[in-house]
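Written out below as structure tokens is the structure these notes cover.
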Amino acid sequence: MPRLRPVRPAGWWFDGLLFAALVGLTVALASGHLLGLDRAVADWADSHRPAAAFWVARVLNFLGQGTPLTLLAAGVGVVVGLRLRSVRPVLPPVVAFLLTNLTIGPLKLWTDRAAPSASVKPPYLPEADTVRLFHTDGVYGMSYPSGHVANAIVWYGVLALLLPALLRTVGRTVPTRLVTVVRVLPPLIVLSTTTYLGWHWLTDSIAGLLLGLLLDRLLHRAPWDDLPLPGPLRNRDRPFTFAA
């Protein structure tokens, strides 16, 4: 039986904490709590957004674009797989794609929350409605949780898993600190910019952070080098996470 890979913090207690925090945040918002905080943060951002800061934030926010990140991670997985003659490096991007599509999108549709900008441009909802969950009949509500933030955590986590393997195929190594930077810095930038630009409420971004961390831990637990493969692929099963 393949053994799960270690994650930090170790154990499932942290996963349970992340899940409980996401559920608690959602219940609090649905009950009308924290809406004033969201409104205050959005109003502050609106009044402190000069043109130069807007464009810097908008450019940096591209770090969280799900489709380019998906294609980049898939491309790196394919390259590593070709170099190692193994299908295993392709597995993390495929599983990450499935996980994000089975969680982020359905949650957005279910919670049905509009973005802060929905009150100043079509559909011109009343301010009180834009901040609430479960209110737009599924027409405009796609804000909670933030897909940008969740996708950034998941996909940069996948890249952090694949890039060391890619460099090892050419006889190079990557410093552990650089891997940490890849995993941490882009998601933090995306969380900050997507909130500052008014594209998401603060709690949307926090929910995306909680969900992204939960999915990231699941992906990094997976024993990618030891998962059993179908017969035709068993001659293409070289490990990659610790490949020399």
* To do: Go through the side-chain N and O atoms of Asp204 and Ser146 and say whether any donor and acceptor fall under 3.5 Å apart.
  => no
* Structure fact -> Test side-chain contact (heavy atoms from CB on, under 4.5 Å), reference Arg5, set Asp226, Leu219, Leu161, output is Leu161
* Structure fact -> Nearest heavy-atom approach of Tyr156 to Val182 is CB-O, 3.4 Å
* Would you mind telling me which of Thr130, Thr203, Val131 makes a side-chain contact (heavy atoms from CB on, under 4.5 Å) with Leu35? => Val131
* Asked: Does Arg217 count as lying over the ring of Phe14, i.e. NZ or CZ under 6.0 Å from the six-ring centre, within 45 degrees of the axis?
  -> no
* To do: List the atom of Val154, the atom of Gly212, and the distance in Å for their closest heavy-atom pair.
  => CG2-O, 4.1 Å
* Given Leu167 and Thr173, is the side-chain contact (heavy atoms from CB on, under 4.5 Å) satisfied, shown in steps? -> CA-CA 6 Å; Leu167 291 177; Thr173 59; over 6 Å; no
* Going through the checks in order, is the side-chain contact (heavy atoms from CB on, under 4.5 Å) test met by Leu162 and Phe240? -> CA-CA 8 Å; Leu162 292 171; Phe240 73 96; 3.7 Å; yes
* Asked: Counting N and O atoms only, with roles assigned by atom type, does the side chain of Thr180 sit under 3.5 Å from a partner on the main chain of Thr176, one being a donor and the other an acceptor?
  -> yes
* I would like to know whether Asp112 and Leu133 meet side-chain contact (heavy atoms from CB on, under 4.5 Å); could you show each step before the answer? => CA-CA 6 Å; Asp112 192 21; Leu133 271 68; over 6 Å; no
* For Leu229 and Arg88, run side-chain contact (heavy atoms from CB on, under 4.5 Å): C-alpha distance rounded to whole Å, both residues' side-chain angles, the deciding distance at 0.1 Å, then the answer. => CA-CA 9 Å; Leu229 297 176; Arg88 293 189 182 276; 3.9 Å; yes
* Should Arg183 and Asp216 count as an ion pair when the cut-off is N to O under 4.0 Å? -> yes
* Give a yes-or-no answer on whether the side chains of His148 and Thr194 include a donor-acceptor pair shorter than 3.5 Å. => no
* Identify whether Leu178 and Trp155 are in the same connected component of the hydrophobic contact network (ILVMFWY, side-chain heavy atoms under 4.5 Å). => no
* Within 45° cone and under 6.0 Å: Arg49 NZ/CZ vs Trp44 ring -> no
* Structure fact -> Here the pair of heavy atoms bringing Gly208 nearest to Ile153 is O-CD1, 4.2 Å
* To do: Identify whether Leu215 and Trp13 are in the same connected component of the hydrophobic contact network (ILVMFWY, side-chain heavy atoms under 4.5 Å).
  => yes
* Would you indicate whether Phe54, at its atom CZ, is surrounded by more than 12 heavy atoms from other residues, nucleotides or ligands within a distance under 6.0 Å? => yes
* To do: Would you confirm whether Asp38, through its side chain, and Leu202, through its main-chain N or O, come within 3.5 Å as a donor-acceptor pair?
  => yes
* Asked: Shared ILVMFWY cluster between Val95 and Leu213, side chains joined below 4.5 angstrom?
  -> yes
* Counting only N and O atoms by type, is there a donor-acceptor contact under 3.5 Å from the side chain of Tyr196 to the main-chain atoms of Asp46? -> no
* Please confirm whether the backbone N or O of Ser192 pairs with a side-chain atom of Thr195, one donor and one acceptor, at under 3.5 Å? => no
* To do: For Trp201 and Ala114, indicate whether the former's side chain and the latter's backbone hold a donor-acceptor pair under 3.5 Å.
  => yes
